[in-house]
2 protein chains.
Amino acid sequence: MTVTALFADRAANWARYEDVLHKAFAEKGLDVNLVRDTDAPENVDYVIYAPTGPISDFAPFTNLKAVLSLWAGVEKIEGNDSIKVPLCRMVDEGLSEGMREWVTGHILRHHLGMDAHILGQDGVWRNDVVPPLARSRTVGFLGLGELGLSCADAASKLGFQVKGWSRRLKTIEGIETFAGAEGLRDILTTSDIIVLLLPDTVETQNILDRDSLNLLPDGAFIINPGRGTLIDDSALLEALDSGKVAHATLDVFREEPLPEAHPYWAHPRVTVTPHIASETRPETASQTIAENIRRGEAGEPFIHVVDRTAGY
Amino acid sequence: MTVTALFADRAANWARYEDVLHKAFAEKGLDVNLVRDTDAPENVDYVIYAPTGPISDFAPFTNLKAVLSLWAGVEKIEGNDSIKVPLCRMVDEGLSEGMREWVTGHILRHHLGMDAHILGQDGVWRNDVVPPLARSRTVGFLGLGELGLSCADAASKLGFQVKGWSRRLKTIEGIETFAGAEGLRDILTTSDIIVLLLPDTVETQNILDRDSLNLLPDGAFIINPGRGTLIDDSALLEALDSGKVAHATLDVFREEPLPEAHPYWAHPRVTVTPHIASETRPETASQTIAENIRRGEAGEPFIHVVDRTAGY
């Protein structure tokens, strides 16, 4: 039986997804009518969804079986009350690999003090400072979901002392773990480099504010590939100006694209990257979408279903 | 019985080594008279040697038991015919760890295209290019000694396709290995990023010359924390100018400090770092020195003895 799937992302992504989705469907033996728009929403079985696409009201999709997100983060949709069916987030191997590479690269960049060399090719040979070894540096990860764990594991394998904080305490080999308000204080006071990989929830908003930034060791580094809302931007700018925070590398922002006039762009202690730390890769993401359609048609439970009471 | 060890490195390093050497000797129960100079070379049992120190003629040390190098590279001393006793090179855990961190950091820097962000904070949000994943990039290591292996292993753990070349073929899990002239051609034609960690020998000098640089894929990256003599500098500058090589990060040079007027400093596709990729760390290096003195006094074979016929 043919199922109908509506591709609801911006037009520019259609070209990236059309072929690889068809390929993934074929590999699973699925007969899918993949459309970009429809006059008969009642005939749509699955919406392949991105917040940048055209759909926000799901009420017309009266026979919908699931909403399959192309994004790992679901904070822009999980509170949408017009969704009455399972909402599945994207879990994409490529996403996790890309994030691990980006985070590890920027941890090492700060650890090694690379910027001084990249920006300072002035002909002066300064070899008097030996940087510390990774074994004497602590990297603290806020957020131990799939992405946080993958990054923490890579840092640990490189020899860093790794600490991790999550809402509920987890036990993970090679990582000293913390939870709760007291745990947050412990990890912030002892981490030379802080990596933010938390979801955007009521509890995590502004988790780095004036008070928590003040807990950091002097000259700490902050890396945020998580969510823009995790940081109180004014408090971070103050901490950068005072030198409390030596540098912040920020990939996500409250407003994206980050406005040209935003002080982050011009700040000498900030590196802005344009939400590129990790992106869903069409080839691997299409396999996750196809697997959930296969499960839906076979009457099996969906994978990666969002627990909409927890917010992620 | 008291043994006499002469510390033959430049004066500036005495302050870094004096205490930690005494500590390492004490930990092994050794009674060592550690001196910075002597009027009685015939009483010296061990010379703790660096090429930057005052000693080059070992003939006066008529009762010497071993020369213990503070440097991993021994090309400045291994041809010294006045040495009639075992020459031991430095193997320092800190050296290998520091090298792994520096090399992995610069591999990821090039892989992720970080420089565009570090140098280009111009307020323009360019998020249209998703970099490839490590799994679709090949990193080729020339040199599979202790340092090369440690770096290759780290790159492999991060997901890169890793190839390695050495004079004699080695079999290493997770790494596709090559040897000889034909193998060199294979690894050069297929590596997006080349890392040089070979010793300086007659065979390795100018291993990257005009012919071998031409074998690289267009837009390859070169990282040289090995030896300055491995590269034909004129040929590399040509390859950089033509765009054949996208970027070179160079930590070692034929002349160090690299002269201020050298074209590498001003070249937009070159990053010069001042021989900092890895340095011997006094704390860990002193343990290697102490262990060899303990062995010498106990009549046990020295560790890390240089095979002076092979040149490393």
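We name chains A, B, ... by the order of the sequence lines, and we start the count at 1 in each one.
- Of the listed residues (B:G98, B:G159, B:G94), the one with the most heavy-atom contacts under 4.5 Å to chain A is B:G94.
- Contact between B:L133 and A:E97 at its shortest, heavy atoms only, is CD1-OE1, 3.9 Å.
- Between B:R135 and A:E93 there is a salt bridge, with a side-chain nitrogen of the basic residue lying less than 4.0 Å from a carboxylate oxygen of the acidic one.
- In terms of non-hydrogen atom pairs under 4.5 Å with chain B, the most contact-rich of A:L158, A:V270, A:T249 is A:L158.
- One distance of note links CD of B:Q121 with OH of A:Y264; it measures 12.5 Å at 0.5 Å rounding.
- For B:E279, the part lying near chain A is the side chain, with the backbone staying farther off; criterion is any non-hydrogen pair under 4.5 Å.
- For B:L112, the part lying under 4.5 angstrom from a heavy atom of chain A is the side chain only.
- Contact count against chain B (heavy-atom pairs under 4.5 Å) is highest for A:R281 among A:H111, A:H106, A:R126, A:R281.
- With a 4.5 Å cut-off on non-hydrogen atoms, B:R16 touches chain A through its side chain but not through its backbone.
- Chain A forms more heavy-atom pairs under 4.5 Å with one residue of B:D115, B:N127, B:I107 than with any other, namely B:N127.
- Contact annotation for A:P132: only backbone heavy atoms (N, CA, C, O) come within less than 4.5 Å of a heavy atom of chain B.
- A:T271 contributes atom OG1, which lies 9.5 Å from atom NE2 of B:H117 (distance to the nearest 0.5 angstrom).
- Contacts of B:H267 with chain A are absent, with no heavy-atom separation under 4.5 Å from either backbone or side chain.
- Contact annotation for A:L258: both backbone and side-chain heavy atoms come within less than 4.5 Å of a heavy atom of chain B.
- Of all heavy-atom pairs between B:P257 and A:W125, the closest is CB-CG, 3.3 Å.
- Contact detail for B:D122 and A:E260: the closest heavy-atom pair is O-OE2, 4.2 Å.
- Between the OG1 atom of B:T104 and the NZ atom of A:K157 there is a distance of 13.0 Å, given to the nearest 0.5 Å.
- Counting heavy atoms from C-beta on, the side chains of B:I118 and A:R109 come closer than 4.5 Å.
- Of the two parts of A:A154, only the side chain, counted from C-beta on, holds a non-hydrogen atom closer than 4.5 Å to a non-hydrogen atom of chain B.
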